[in-house]
Amino acid sequence: MNIAALIITAEPATADALLRLAAAADAHAEVAAGPGEARAAWAWPALVLVGADAAADVAAAGLPRRGGVVLVAGAATPEAYQAAVRIGAQDVAVLPDHEQWLIDAFAAASEPDAGRATTLCVIGSRGGVGASVLSAALGLAAAGSGLRTLLVDADPLGGGVDLMLGLEGHEGARWPDLAERHGRLNAATLRDTLPSSGDLSVLSWRRGESVPIADAAVVSLLDAAARGYDLVIADVPRFPGDLGRAALRAADVTFLLVPAEVRATVAADGLAAALRRDTADLRLVVQGPSPGGLTPGAVTQALGLPVAGVYERDRRLPAAIEEGGLARACRRGPLPDFCARLLADLALQPYAYREEAA
C-alpha cells in the first residue's frame with residue numbers, strides 16, 4: 001500500500017488538521033475511523049498517527065507493536081502519555097503546538113531511506129581562477145553519467161551559475177524564493193521546484209540585489225538536497241559567508257582550485273588554514289599552465305594538501321561562457337576529461353530507489 005501515513009481518529013477536526021499538515025509535506029495520508037478500518041494497513045506506512053479519541057480502542061484491538069507510532073492529543077497531559085504507552089507510541093504530538101514537527105514527520109515518512117548524496121564544495125584560491133567553471137563542469141559531467149546532480153550557487157555576488165549554463169530563462173525557484181524556508185523540506189518537492197536540464201538542477205540567484213537567506217532555510221535546503229540527489233556540488237566564494245560555511249560543513253570533500261602561480265599558491269596557503277575550520281576533507285586541484293614555470297609538484301609541496309588532480313586551462317571556455325554554451329564546450333577537452341577522472345575516483349553511484357521506489 002503506497003501511503004506515507006495512516007491517521008486513526010473518528011474526530012473530523014483532528015483528521016482535517018492532520019490531512020492539512022500531510023498536504024503541506026506533500027505526503028499521502030489515509031484516515032481510518034478506528035482500529036477495525038486500520039488493521040489491514042497497520043503495518044505498511046512509515047508513520048501511524050493515533051488520535052487521543054481512538055487510543056483506547058487501538059490499545060484494546062491487540063494490533064502488533066511497530067515503530068513510527070505517534071499519539072496526537074490536544075494537550076500534553078499525564079493521561080495522554082499513559083495512552084501513548086498503552087498503544088506503543090514513540091512520541092506524543094500536541095495540536096496545534098507541534099504542527100511543524102508533524103509536517104517534518106510526514107515529510108520524512110514520504111521519502112524512502114536510501115542514503116544521502118555526496119556533497120562537494122569547490123573554492124578558488126583567487127578571483128577569476130575558474131572555480132565556478134569547474135563546479136559547473138563537474139555538474140555537467142556527473143549529470144551526463146546518470147547521476148542526479150544539484151549545482152548550488154553559494155555566491156550571491158557571483159553573477160549566477162544558471163547564467164553560465166544558459167539556464168537563466170528556465171522556470172523555477174531561486175535562493176530568494178526559498179529564503180525563509182524552515183523545517184524539513186520534501187526532497188521531491190525541491191527537485192520539482194528548481195530549474196533543471198536533464199539530470200542537472202541548479203539553485204542560483206535572481207538578478208539584482210542579493211537577499212539574506214535565513215540560517216534555517218540553508219539547513220533545510222541542504223538537507224533536502226542531500227536526500228534528493230546523488231551528488232550536490234556547491235560553488236563557494238573565497239569569503240564564504242554563512243551560506244558558504246554551511247555548505248563547507250556539509251561537504252564530504254572540498255576542492256581548493258589553485259593556478260600554478262606563486263601569488264595564488266601563497267594565497268591558497270592562508271585560505272586552506274581557514275577552510276580547515278569548516279571542512280573535514282580538503283583536497284588540492286592544480287590548474288596549468290604556469291606563466292612562470294611553477295610546476296604542479298611545487299604547488300602541492302608548498303601547500304601540503306592531498307592532490308585530487310591537475311588539468312590545463314581551456315582557452316575556448318571564456319567565449320563559450322559568454323554565449324551560455326558551457327555545456328556544449330564541455331563535451332570534450334581537458335576540463336571535462338579531468339572531471340570524468342575526478343568523479344571516477346570518487347566512485348559515485350546513483351541511488352537505486354529514484355521515483356520508481358518513491
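- No side-chain heavy atom of Ser201 sits less than 4.5 Å from a side-chain heavy atom of Arg191.
- Between the side chains of Thr118 and Asp252, no donor-acceptor pair of N or O atoms lies under 3.5 Å.
- Using a 4.0 Å cut-off between charged side-chain N and carboxylate O, Arg174 and Asp153 make no salt bridge.
- For CZ of Arg316, the number of neighbouring non-hydrogen atoms (other residues, nucleotides, ligands) closer than 6.0 Å is greater than 12.
- Atoms CG and OG1, from Leu231 and Thr149 in turn, are 5.0 Å apart once rounded to the nearest 0.5 Å.
- Between Arg249 and Asp278, at least one side-chain nitrogen of the basic residue sits less than 4.0 Å from a carboxylate oxygen of the acidic one, meeting the salt-bridge criterion.
- Salt bridge absent: Arg206 and Asp162 never bring a charged side-chain N and a carboxylate O closer than 4.0 Å.
- Between Val266 and Ser125 the shortest side-chain heavy-atom distance does not fall below 4.5 Å.
- Leu221 pairs with exactly one of Val152, Leu190, Leu150 by the side chain to side chain contact (heavy atoms under 4.5 Å, CB included) rule, that one being Leu190.
- By the 4.0 Å N-to-carboxylate-O rule, Arg227 lies close enough to Asp223 to be salt-bridged with it.
- More than 12 heavy atoms of other residues, nucleotides or ligands shown are found within 6.0 angstrom of CZ on Arg66.
- You'll find the side chain of Tyr311 stays beyond 4.5 Å of the side chain of Asp337, heavy atoms only.
- Distance SG/Cys121 to CG/Leu275: 9.0 Å, rounded to 0.5 Å.
- Considering only residues two or more places apart in sequence or on other chains, Glu168 meets the salt bridge (Lys or Arg N to Asp or Glu O under 4.0 Å) condition with none of them.
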